[in-house]
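Fair warning: this is a prediction, and the values are worked out from it, not measured in the lab.
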Amino acid sequence: MKIVVIGSGTAGSNFALFMRKLDRKAEIIVIGKEPTMQYSPCALPHVISGTIEKPEDVIVFPNEFYEKQKIQLMLNTEVRAIDRERKAVITDKGEVPYDKLVLAVGSKAFVPPIKGVENEGVFTLKSLDDVRRIKAYIAERKPKKAVVIGAGLIGLEGAEAFAKLGMEVLVVELMDRLLPTMLDKDTAKLVQAEMEKHGVSFRFNEGVSEIIGSPVKAVKMGDEEVPADLVLVATGVRANVDLAKAAGLEVNRGIVVNEHLQTSDPDIYAIGDCAEVIDAVTGQRTLSQLGTSAVRMAKVAAEHIAGKNVAFRPVFNTAITELFGLEIGTFGITEDRAKREGIEIAVGKFKGSTKPEYYPGGKPITVKVIFRKSDRKLIGAQIVGGERVWGRIMTLSALAQKGAIVEDVVYLETAYAPPVSPTIDPISVAAEMALRRFR
């Protein structure tokens, strides 16, 4: 069997490795635009700040590692078309036939049509080349003022990196809060307050209409010109669907796939940022543009091609980050989105400490849990705190994936030791607050 993968990022690289473990004889070819295989896009802001020393440090395995696994690499290669009738991929280096084709074509940074967005000193943050350009610009120009357009994960992590380098940072967001798809306004304010302590300022419900100067000197917001020596455009990403669309595959915001990650052509799979899967809360189609989702999709697609009857489960899009030492974890639906979707919910919220009150060193933590009233199921959570958010958001996400109801969280068996956690964990206390709304 000849399996061709288009895309050498997280999804494509992991698929190739999973497939090789499952089938030692299959011919596996990975075609990618970039010169290397998988690296971690999530680590890129930490390269800018200097926490990670060099851009090359985020490359997971050298190309030789894949070649030793007898995975053929066609890097620095552009795919121009897919011929489904002849089952061939047309590239700038010739045609590559396939028995099974995996589209791991990822996503691209969305750049809104702002006047001057092509000027020197304006960047996106999606690739190793982006990081290299930003670091070179900072070294040469030594910017003092940075403007970040967009308050999503990449925007905030970029803002943190610039602030750590001593820049004055302004984040501009069209919505009324930071992380608007992940947090409600009350939890977002906790993150905003912490970032403001570290010199990052925010302008909400506003947009940038023009970027002035090349190199950049200012951004225009309404009639106001705000000084800027560097601009980061972090207004989200868009799934790469053009290749699939031209091949006649079903496409919406992403490439439409079934539970096995097969496209409308059963011999072609789509995984990672480009694949449109199912939302666990609403049952609607959604994108799951997270590294963890990419790896799970890669595993499911490889196992299905190998003959296993496996399915990719609907997603809650569990995510976590850390900004200036503050951990933020989320999954599922927000209170704001539930209202828009017409889902009746019960919300529980608790503000407490990560350790018993009598034990020194506890850090503030806020837990917000969201349950659907119709079936009492846990459908979302937001946690903001100084430590151990990761374990708590993972626990709640795992419970939600298993269909837990409010009582399951209230009476959850948890671990206790004074240096680590309270006797009644904050997640159970928050669930108790929600349970009262069912009575």
Practice task
Only one of V369, T187, I320, L396 passes side-chain contact (heavy atoms from CB on, under 4.5 Å) with I383; say which it is.
Solution key: L396
Exercise for the section: Please list, chain by chain and in numerical order, all residues satisfying ring-ring contact (aromatic ring centres under 6.0 Å, His included) with F312, sequence neighbours excluded. Expected result: none
Handout entry: Separation of D99 CG from K87 NZ (nearest 0.5 Å)
Key = 5.5 Å
Handout entry: NZ/NE/NH1/NH2 to OD/OE distance under 4.0 Å, R133 and E120
Key = no
Problem - More than 12 heavy atoms from other groups under 6.0 Å of CD on E53 - result: no
Fill in the blank from the handout: Closest non-hydrogen atoms of K100 and P266, given as atom of the first, atom of the second and distance, are NZ-O, 4.2 Å
Handout entry: Reported CD-to-CD1 distance for the pair E335 and I370, which is rounded to 0.5 angstrom
Key = 6.0 Å
Exercise for the section: Apply the salt bridge (charged side-chain N to carboxylate O under 4.0 Å, His left out) test between D279 and each candidate in R337, R285, R313; give the one that qualifies. Expected result: R337
Handout entry: Identified side-chain contact (heavy atoms from CB on, under 4.5 Å) partner of R203 from the options L170, V208, V147
Key = L170
Practice task
Indicate yes or no for a side-chain donor-acceptor contact from H260 to the backbone of V310 under 3.5 Å, with no hydrogens or angles considered.
Solution key: yes
Exercise for the section: Identify the heavy atoms of T51 and S49 that sit nearest to each other, and give their distance. Expected result: OG1-OG, 3.0 Å
Problem - Separation of R253 CZ from R238 CZ (nearest 0.5 Å) - result: 8.0 Å
Practice task
Spell out, as yes or no, whether a donor-acceptor pair under 3.5 Å connects the side chain of T235 to the backbone of G150.
Solution key: no
Exercise for the section: Quick one: pull up CD1 in I255 and CG in L261 and give me the separation to the nearest 0.5 Å. Expected result: 11.5 Å
Practice task
List for me each residue that meets side-chain contact (heavy atoms from CB on, under 4.5 Å) alongside D242, sequence neighbours excluded, and say none if there are none.
Solution key: none
Problem - Donor-acceptor contact below 3.5 Å, side chain K164 vs main chain G50 - result: no
Exercise for the section: Check each of N252, T263, T286 against E276 using the side chain to side chain donor-acceptor pair (under 3.5 Å) test, and report the only one that passes. Expected result: N252
Exercise for the section: Give me the ring orientation class for F123 and Y137: parallel if the planes are under 30° apart, tilted from 30 to 60°, perpendicular past 60°. Expected result: perpendicular
Exercise for the section: Taking only Lys NZ, Arg NE, NH1 and NH2, and the carboxylate oxygens of Asp or Glu, determine whether E225 and K217 approach each other closer than 4.0 Å. Expected result: no
Handout entry: Whether D83 side chain and A88 backbone form a donor-acceptor pair below 3.5 Å
Key = no
Practice task
Please assess S293 against Q289 for the test side chain to side chain donor-acceptor pair (under 3.5 Å), listing each intermediate value before the final yes or no.
Solution key: CA-CA 7 Å; S293 295; Q289 294 171 324; over 6 Å; no
Exercise for the section: Would you name the heavy atoms of M297 and G272 that are closest together and state the gap between them? Expected result: SD-N, 3.1 Å
Practice task
May I ask you to say whether R388 pairs ionically with D425, meaning some side-chain N is under 4.0 Å from a carboxylate O?
Solution key: no
Exercise for the section: Starting at CD1 of I333, measure out to CD of E341 and round the result to the nearest 0.5 Å. Expected result: 5.5 Å
Exercise for the section: Could you tell me which non-hydrogen atom of F371 sits nearest to which non-hydrogen atom of V406, and how far apart they are? Expected result: CE2-CA, 3.3 Å
Practice task
Give the minimum heavy-atom separation between L290 and A319, together with the two atoms involved.
Solution key: CD2-CB, 4.3 Å
Exercise for the section: In sequence, state the C-alpha distance, the side-chain angles, and the governing distance for D273 and S107, and then conclude on side chain to side chain donor-acceptor pair (under 3.5 Å). Expected result: CA-CA 6 Å; D273 281 10; S107 58; 2.8 Å; yes
Problem - Electrostatic pair K68:E64 at N-O distance under 4.0 angstrom - result: no
Handout entry: Greater than 12 external heavy atoms within 6.0 Å of K70's NZ
Key = no
Problem - Main-chain N/O of G116 paired to E210 side chain as donor or acceptor, under 3.5 Å - result: no
Problem - Donor-acceptor contact below 3.5 Å, side chain N240 vs main chain V105 - result: yes
Completion exercise
One should read off an interatomic distance between K135 NZ and L165 CG, to the nearest 0.5 angstrom, of 7.5 Å
Practice task
Give the intermediate values and the outcome of side chain to side chain donor-acceptor pair (under 3.5 Å) for residues E157 and T321.
Solution key: CA-CA 8 Å; E157 290 168 355; T321 191; 2.6 Å; yes
Problem - Under 3.5 Å donor-acceptor, R20 side chain and Q69 backbone - result: yes
